[in-house]
Amino acid sequence: MITSKRIARTVAEATVTLLGVAVLVFVMLRVLPGDQITASLGIEAGMMTEAQLDALRAYYGIDQPLVVQFLGWLTEVASGNLGFSQRTGQSVLEMTASSLPVTLELAILATLLGVLLGVPLGMLSASRPNSRRDGGAQLIGLAALSIPSFLLGALLLTLLARILRYNPNAMGFARPLEDLGLNLQQMMLPAIVLGFALAAPIMRTTRSAILEVKSQDFVRTAIGKGVSPLRVQVRHVLHNSLVPIVTMTGIQFGYLLGGAVVVEQIFSVPGIGRQFLIGMQQKEYAVVQSTVLVIALLFLIVNLLTDLLYRIIDPRVRTG
Amino acid sequence: MTTNEAAWLAVEEAPPERERLWRRLMASRSGRWGVILTAVVLGLGLLAAIGATPYDPISQRPIDRMQGPSAAYLFGTDQFGRDILSRSMAGVATSLQVAIVAVIISAVLGTTFGILSGFFGSRVRGPVNALTNILFAFPPLLLALALASVATRNWFTVAVAIAIVYIPIFVRVTRAPVLSLREADFIKAARVLGFPSQRILFRHLLPNIMPIVIVQVTLSMSWAVLTAAALSYLGLGTPPPTPALGSMVFEAKNLVAIAPWTMVAPGLVLIMFIVGLNLLGDGLRDALDPRNESHS
Amino acid sequence: MRSARLARVGTRFITAATTAVLLAALVVPGASAQGKGDLVVGVTSDPDTLFPWKATQFQAVALLGLVYDSLVEFDQDLNVVPGIAESWDTSGDGMAITFTIRDGVTFHDGKPLTSADVKASLDAILDEETGAVQRTSLASVASVEAPDDSTVVLNLNNPDAGILSGLAGGPNLAILSKDDNEEGLSAAPNGTGPFAFGSRKPNESVTLVANDAYWREGEPKLASVELRVIPDESSIVDGLRSGNVQLAVLNDPLVATTAEGDGISIARTPQLAYHVLQLNHNRPPLDDLNVRLAIQCAVDRQEVLDTAALGEGEVVGPITSPAYLSDPSARPCPERDLEQAQQLLADAGYGDGITIGTIVSQGEYASSVNEAQNLQAQLAEAGINLEIEPMEIGAYVDRWLAADFDTAVALNGGRPDPDVQYGRYFPSTGNLNQIASYNSPELDDLFARGKSSGDADERKQIYADISNHLEDNAVWLWMFSSPNYSATTEGVEGFVPMPNNSLQYLRTTTVQ
């Protein structure tokens with residue numbers, strides 16, 4: 001039951017989590033050696049006079065005591081100001097509004113592909129465990145899906161560019177509203193690469209969950225009663241094995257939000273993963289902190305949705 | 001008798017002996033291939049660990065640069081004249097080291113938190129959830145980078161970074177079935193009967209979620225190897241010249257157009273490793289499931 | 001009849017539309033009315049600033065060098081040639097330089113450039129509040145005067161032979177309009193260079209458009225330049241292969257050497273930057289000359305070059321500027337001499353060997369860790385145990401700035417004028433002398449004379465003496481310089497790569 005008390009608790013939990021993330025990222029950034037000055041100047045920073053360094057620190061907003069910086073940042077975030085990036089001349093909000101949809105699009109496409117590939121393969125492999133069909137599907141499926149994503153990506157890109165002279169990813173990123181055709185072409189390879197990587201765990205979870213369910217009595221009862229195998233498959237087996245599959249898919253999707261960085265690098269996709277990475281390299285504290293908060297918030301939302309989903313699927317699970 | 005009662009009774013029996021487990025493992029196709037592939041890869045790693053590689057994986061012989069496979073160098077040499085086979089073997093040892101340490105830490109910590117969080121009331125669940133959620137929401141790269149930068153980077157700090165990243169997955173994956181099982185009749189019965197929580201947790205709950213944990217362990221092992229490789233790509237992995245499978249493949253990606261053999265050995269070993277682990281996980285899951293007795 | 005009229009109107013409309021479409025299709029994508037092309041340059045990241053006085057990153061400097069001009073510039077042989085200043089005159093005592101500003105230079109926003117802008121820019125660079133990274137190039141300047149619209153006078157504290165070379169320091173010494181400020185320019189650059197700022201998508205691309213009012217006749221020859229961000233160098237090569245990218249500067253020798261062929265040309269340009277093992281003389285036993293000489297004699301630099309950088313480059317001495325090039329064989333052990341090294345160690349009382357550490361940055365440039373590894377292997381044979389500490393660039397910079405290392409594997413920037421290159425390190429008054437950890441009265445004297453001398457031959461001799469002093473005292477272990485690689489596709493003509501990584505000759509480049 002979704003009561004207002006439940007909602008209040010969820011909001012409270014989320015706030016605590018976000019606060020914890022904020023503290024953690026703030027502290028970690030300050031613990032890392034180097035700051036924005038050394039990141040942008042490198043060893044040239046040694047050539048600056050103390051007065052110049054003071055001016056630069058004020059410019060980058062890192063001259064204040066740490067607590068002041070932290071509270072100042074938090075209050076700004078609460079009022080919707082995620083900070084400013086001197087490097088790009090944009091507010092972090094603008095940058096995120098531009099990069100987040102890109103990663104979301106990629107994550108959704110990749111997850112769809114992963115599920116479309118993984119679930120049927122898993123079902124196929126579970127339909128006759130230990131048979132030749134199972135062995136064949138398993139081995140081939142696993143081998144193909146186990147190729148590291150960056151390897152697969154780099155190989156595909158090189159092959160297509162060299163042999164077919166086809167390289168949409170080198171053509172300046174196109175947003176869906178600007179040029180849907182080019183955008184989809186640019187998303188194709190990265191989504192395939194990521195989707196393959198997702199499909200392996202989804203396939204295995206599907207197989208394992210289905211086998212788990214199939215061994216239960218109620219399935220054998222249904223078959224014994226004469227229910228058609230397909231109906232058994234879908235209505236009884238799949239439905240009941242959904243919990244772990246949904247859990248796994250939710251986890252994978254959440255990870256993609258921050259974890260698609262490598263693929264974003266190879267295919268020049270300007271997503272939020274790259275925004276974060278560049279912010280890290282340049283030690284732009286505001287960018288990193290606010291980006292992490294946004295990703296964390298999204299993560300919480302995804303978690304909430306998966307929670308809701310499997311509460312719908314398995315009514316036995318109580319809110320506790 | 002309901003399925004749950006049957007399960008409860010099954011658990012109450014003695015757990016399967018090692019011999020029967022082994023036989024069951026080898027009986028399934030997945031298990032057999034999983035054991036074979038993993039054993040081969042482990043064997044290579046062990047040979048490297050005791051120094052029994054054809055050549056020293058680290059020293060360079062510039063004269064023999066970029067040679068294709070030959071009698072002297074079974075899988076060819078890389079751009080520094082190092083034997084690729086020896087490096088692949090050493091790479092297995094390094095990757096195994098990182099993966100095993102990482103997964104042990106994350107499995108133990110994660111499963112504990114998952115069970116506690118799923119089983120106990122909100123007093124325990126609250127803080128555990130809060131911590132897990134914080135870690136879970138954290139982009140893995142920041143953790144990895146922070147840990148790698150605070151101390152000098154070596155295989156251990158990389159392993160710890162990966163471990164922390166994967167703890168939440170164990171929590172999540174074990175919490176869901178615990179939440180379900182908590183409401184199962186046989187658990188409720190056990191509580192009504194006054195069994196102490198510890199006994200319930202370890203004798204009844206844990207064995208039931210063990211298959212899931214084992215599957216997750218093997219999945220995480222392969223992920224750990226792949227994550228270490230991705231970290232190398234971003235410049236954060238085990239520092240060169242120590243070979244690691246992932247970084248070898250990453251370095252070879254630049255060479256693949258003119259020297260494809262640089263990719264073959266580490267790539268094959270990597271895939272074999274991952275596939276082997278996955279199959280082993282499947283086989284173990286099948287072998288450990290007491291309900292499978294009626295099937296095989 | 002209405003239907004007939006409709007039909008005629010319809011036909012005419014269709015004809016017009018078809019003609020328009022055909023005409024549009026005929027216009028070759030990317031060619032403007034004058035037949036100039038659009039060039040796409042592949043870069044691994046976008047500029048980290050658009051404000052020229054704070055730019056140190058390669059991409060930022062390269063981009064801003066096309067948008068802004070300075071008083072003087074370098075040509076492809078690294079000679080100082082006129083820029084905004086069409087001529088200059090140094091007073092007899094060397095204490096004042098008078099620049100004549102050329103006529104007809106306008107900013108991209110249309111305002112004409114006068115000496116007031118020059119004075120305002122130089123004054124601002126000298127002001128510490130500004131945070132200009134190359135302020136020390138103007139360290140000798142006492143004051144700047146602008147007696148009339150076309151004249152600027154620099155009054156110096158002391159004669160400075162390297163100041164003109166310092167003034168040619170690209171965008172870091174750019175002349176800005178006195179009416180512009182940093183905030184405005186960070187969003188919309190406004191310079192006098194061959195290309196004007198067009199648009200920017202952060203982390204994706206920056207587009208420059210031709211400045212038709214550029215003061216060099218006939219330039220630029222391109223209609224636009226787009227710096228497109230492709231983070232992975234091998235992906236840039238894929239872009240070159242498919243023709244979506246026409247030009248790129250590559251750093252990784254492995255990527256560059258495998259990119260050649262199949263329509264891609266690679267030009268290697270020797271660079272001024274040098275690979276070196278810096279020694280910290282404040283850390284015993286490195287304060288002992290014999291120990292340092294032992295290190296020198298135990299290392300075959302060519303081997304380091306071969307193993308770490310695939311042999312791409314040249315063994316060098318301290319000075320890499322072509323006009324003052326050091327002779328790499330003018331050093332105590334031009335060839336590796338293991339016996340000599342062991343003898344020197346024994347003489348110093350370390351017959352049993354020594355252990356020293358080295359810090360290495362990871363990921364900053366391709367060969368760093370491999371260099372360290374080869375050094376370790378070579379030094380081990382002489383009884384010198386080198387412990388390698390690889391670290392992320394942020395950590396490395398912190399340790400380097402604090403001089404917290406025994407030795408450091410470094411790739412340091414070079415400059416056309418040796419006074420600008422080493423004036424920061426080795427004179428006892430240099431900003432980085434603490435880090436260089438070495439000075440001597442003899443060296444101080446040489447640097448002072450080199451700075452104040454106006455005679456080219458005399459300066460050549462002075463810097464040769466400096467080079468010999470540095471080598472004879474084994475101050476640092478200079479190893480090699482590596483080239484940079486300019487990759488172009490067919491149809492790109494007129495691009496001249498520079499030894500200081502500048503892309504300034506994009507102004508003479510054409511593309512089909």
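Just so it is clear, the structure is predicted and the values come from calculations on it, not from any experiment. Residue numbers start from 1 in every chain, and the chains themselves are labelled A, B, ... in the order their sequence lines are given, proteins ahead of strands. No hydrogens, no waters, no symmetry mates; every other heavy atom, side chains included, goes into these values.
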A.B. asks: Does the cation-pi check pass for C:R415 over C:Y422, that is, NZ or CZ under 6.0 Å from the six-membered ring centre and within 45° of its axis?
C.D. replies: no
A.B. asks: So what's closer than 4.5 Å to chain A heavy atoms on C:Q434: side chain, backbone, both or neither?
C.D. replies: neither
A.B. asks: Atom CD of A:Q275 and atom OG of A:S99: how far apart are they, to the nearest 0.5 Å?
C.D. replies: 3.5 Å
A.B. asks: Could you look at A:L56 and say if it's the side chain, the backbone, both or neither that has a heavy atom under 4.5 Å from chain C?
C.D. replies: side chain
A.B. asks: Side chain, backbone, both or neither: which part of C:D127 has a heavy atom under 4.5 Å from chain A?
C.D. replies: neither
A.B. asks: Go through A:E264, A:M47, A:Q86, A:E94 and name the one with the most non-hydrogen pairs under 4.5 angstrom from chain C.
C.D. replies: A:M47
A.B. asks: So which residue, C:T44, C:L401, C:N244, C:L432, ends up with the most heavy-atom pairs under 4.5 Å with chain A?
C.D. replies: C:N244
A.B. asks: Quick one: of C:G131, C:S186, C:G430, who has the most non-hydrogen atom pairs under 4.5 Å with chain A?
C.D. replies: C:G131
A.B. asks: Go through the atoms of C:N203 and report whether side chain, backbone, both or neither lie under 4.5 Å from a heavy atom of chain A.
C.D. replies: both
A.B. asks: Within the side chain of C:R399, is there an N or O that forms a donor-acceptor pair under 3.5 Å with the backbone of C:I359?
C.D. replies: no
A.B. asks: Sort C:I230 into side chain, backbone, both or neither according to what part of it lies under 4.5 angstrom from a heavy atom of chain A.
C.D. replies: both
A.B. asks: Identify which part of A:L41 has an atom lying under 4.5 Å from any heavy atom of chain C, answering side chain, backbone, both or neither.
C.D. replies: both
A.B. asks: Taking every non-hydrogen pair under 4.5 Å, which of C:S235, C:G263, C:G239, C:A60 racks up the most with chain A?
C.D. replies: C:S235
A.B. asks: Do you know which of A:L160, A:L53, A:T38, A:N167 has the most heavy-atom pairs under 4.5 Å to chain C?
C.D. replies: A:N167
A.B. asks: For the candidates C:I393, C:T130, C:D46, which exhibits the highest count of non-hydrogen atom pairs separated by less than 4.5 Å from chain A?
C.D. replies: C:D46
A.B. asks: Checking heavy atoms, do the side chain of C:S205, its backbone, both or neither come under 4.5 Å from chain A?
C.D. replies: neither
A.B. asks: Any salt bridge between C:E204 and A:R175, counting N to O under 4.0 Å?
C.D. replies: yes
A.B. asks: Determine whether a donor-acceptor pair (N or O, by modelled atom type, separation under 3.5 Å) exists between the side chain of A:Q52 and the backbone of C:A132.
C.D. replies: yes
A.B. asks: Let's test your reading of the structure: which of C:E183, C:Q134, C:R228 forms the most heavy-atom pairs below 4.5 Å with chain A?
C.D. replies: C:R228
A.B. asks: Between atom CZ of A:F173 and atom CG of A:N183, what is the distance when rounded to the nearest 0.5 Å?
C.D. replies: 5.0 Å
A.B. asks: Could A:R57 and A:Y59 be counted as a cation-pi pair, given that NZ or CZ must be under 6.0 Å from the ring centre and within 45° of the axis?
C.D. replies: no
A.B. asks: Among C:E129, C:E226, C:Q57, C:R424, single out the residue with the greatest number of heavy-atom pairs under 4.5 Å to chain A.
C.D. replies: C:R424
A.B. asks: Taking the inter-plane angle between the rings of A:W73 and A:F70 on a 0 to 90° scale, is it parallel (under 30°), tilted (30 to 60°) or perpendicular (over 60°)?
C.D. replies: tilted
A.B. asks: Decide yes or no for C:L50 and C:L63: does some side-chain heavy atom of the first lie under 4.5 Å from some side-chain heavy atom of the second?
C.D. replies: yes
A.B. asks: Would you call A:R30 and A:D35 a salt bridge, taking side-chain N to carboxylate O under 4.0 Å as the test?
C.D. replies: no
